[in-house]
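Below is one structure, written out as structure tokens; the observations come after it.
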Amino acid sequence: MKKLVSFYLTMLLVVSLGVFTSCGEKDEPVLSPIIGVWNYSALDVDIFINGQPMVQFFEALGATSEEAQQAADEIRNDFFSNEDFAGTVLEFKVDDTYEIRIDGRLDESGTWELLNGNSLLRLTSGEDITDFDVRRLTNNQLTIFLEEEESEDFFGIGLPVLVKLQLELSFVK
């Protein structure tokens, strides 16, 4: 009988230890480094026309190197400049939603996803889906890259041209 009681007490002790050690505090979920508020810090823009950098395209049309560079800079600055993105803040929330604010005003909101091992950031706002390549993601730096192409008669010359835009945006927490 003594052996039986000893056996039950040992079993009770083993079960108790298992219950108490498994009921400890649960590990906190690991949050993605993208969670938080990101402030715009830098911009890099490249534009290609029919597969050529803009300057080379304008030179092929007969512009001097100086004229071609001036035209390319003017186009680049007319469409994308640091001033256009100054005051831009991205906020990625734990519930997989995001907000883009410009000078404090809500510009866009929707849901976000990090895909392909955090190398692709997908923003969905209503019917619009935009995919960015994630070039850098740390606890305090985010660099995203967008590339788009469109073919149209942009210059009014009666011929469509293929324009490729490469936009790299950097943000800091």
Side-chain angles (χ1 to χ4, degrees), residues 32-93 95-138 140-173:
S32 170
I34 202 166
I35 301 294
V37 177
W38 298 90
N39 296 293
Y40 166 77
S41 65
L43 162 75
D44 187 25
V45 177
D46 283 316
I47 300 173
F48 297 85
I49 303 172
N50 290 341
Q52 298 176 310
M54 236 184 334
V55 172
Q56 289 178 0
F57 176 79
F58 291 135
E59 288 173 344
L61 292 177
T64 65
S65 293
E66 187 177 292
E67 292 169 335
Q69 186 63 55
Q70 186 178 10
D73 290 344
E74 188 175 314
I75 290 171
R76 198 176 288 115
N77 290 333
D78 281 350
F79 290 101
F80 301 99
S81 69
N82 279 313
E83 292 79 30
D84 294 328
F85 292 95
T88 299
V89 175
L90 306 178
E91 182 176 4
F92 296 98
K93 300 177 183 181
D95 65 357
D96 299 335
T97 62
Y98 75 92
E99 292 182 348
I100 299 175
R101 295 187 178 275
I102 300 174
D103 296 325
R105 288 176 289 126
L106 183 64
D107 184 62
E108 181 181 315
S109 63
T111 59
W112 66 269
E113 294 178 88
L114 276 174
L115 305 167
N116 301 339
N118 292 348
S119 66
L120 180 75
L121 171 63
R122 175 168 292 154
L123 301 182
T124 304
S125 180
E127 299 292 317
D128 296 328
I129 298 173
T130 306
D131 288 340
F132 294 90
D133 290 330
V134 177
R135 295 274 173 98
R136 182 179 182 106
L137 176 57
T138 66
N140 60 2
Q141 292 182 327
L142 171 64
T143 301
I144 55 178
F145 178 80
L146 175 69
E147 181 175 273
E148 293 198 355
E149 290 184 346
E150 191 168 331
S151 182
E152 194 173 307
D153 184 8
F154 292 101
F155 300 107
I157 57 176
L159 296 172
V161 292
L162 178 64
V163 175
K164 182 193 308 185
L165 169 70
Q166 294 179 336
L167 180 65
E168 185 175 87
L169 296 165
S170 296
F171 298 87
V172 294
K173 274 190 185 174

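From a predicted model like this one, the values you see are computed outputs, not experimental measurements.
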### Task
Only pairs at least two apart or in different chains count here, so list each side-chain hydrogen bond (donor to acceptor under 3.5 Å, both in side chains) that has a residue in residues 112-121.
none
### Task
Give, for atom CG of L120 and atom CG of L114, the distance between the pair rounded to the nearest 0.5 Å.
8.0 Å
### Message
Do I144 and D133 have side chains that approach each other closer than 4.5 Å (heavy atoms only, starting at C-beta)?
### Response
no
### Task
With rounding to the nearest 0.5 Å, note down the distance linking CH2 in W38 to CD in E91.
12.5 Å
### CG on L146 to OG1 on T130, rounded to 0.5 Å
7.0 Å
### Query
If we only count heavy atoms from C-beta on, is the N140 to V172 side-chain gap below 4.5 Å?
no
### Between CZ on residue R136 and CD on residue E168, distance to nearest 0.5 Å
11.0 Å
#### Entry: Residue pairs involving residues 44-67 (criterion side-chain hydrogen bond (donor to acceptor under 3.5 Å, both in side chains); sequence neighbours excluded)
E59-S65, T64-E67
### Task
Evaluate the side-chain proximity of L169 to T88: yes if any heavy-atom separation is below 4.5 Å, no if none is.
no
### Message
Looking at every non-hydrogen atom in both residues, tell me the closest pair between I49 and M54 and how far apart they are.
### Response
CD1-CG, 3.5 Å
### Query
Which heavy-atom pair separates E108 from S125 by the least distance, and what is that distance?
CG-OG, 3.7 Å
### Reported CG-to-CG distance for the pair L142 and N39, which is rounded to 0.5 angstrom
11.5 Å
### Query
To the nearest 0.5 Å, what is the distance between CG (L90) and OH (Y40)?
11.5 Å
### Message
When you measure from the side chain of K93 to the backbone of E99, do you find a donor-acceptor pair of N or O atoms at a distance under 3.5 Å?
### Response
no
## Note on the structure
Sorted by chain and number, sequence neighbours left out, side chain to side chain donor-acceptor pair (under 3.5 Å) with D73 holds for Q69, R76
### Query
Going by heavy atoms in the side chains, are Y98 and I100 under 4.5 Å from each other?
yes
### Non-neighbouring partners of D84 that pass side chain to side chain donor-acceptor pair (under 3.5 Å), sequence neighbours left out
S81
### Task
Quick one: which residue pairs count as a ring pair (Phe, Tyr, Trp, His ring centres under 6.0 Å) with a foot in residues 58-84, not counting sequence neighbours?
none
#### Entry: Heavy-atom closest contact (D103 atom, A86 atom, distance)
OD1-O, 4.0 Å
### Task
Provide the full list of side-chain hydrogen bond (donor to acceptor under 3.5 Å, both in side chains) pairs with a residue in residues 142-152, sequence neighbours left out, each pair given once.
T143-S170, E147-Q166
### Task
Locate the shortest heavy-atom distance separating G126 from T124; write the atom from each residue and the value.
O-CG2, 3.9 Å
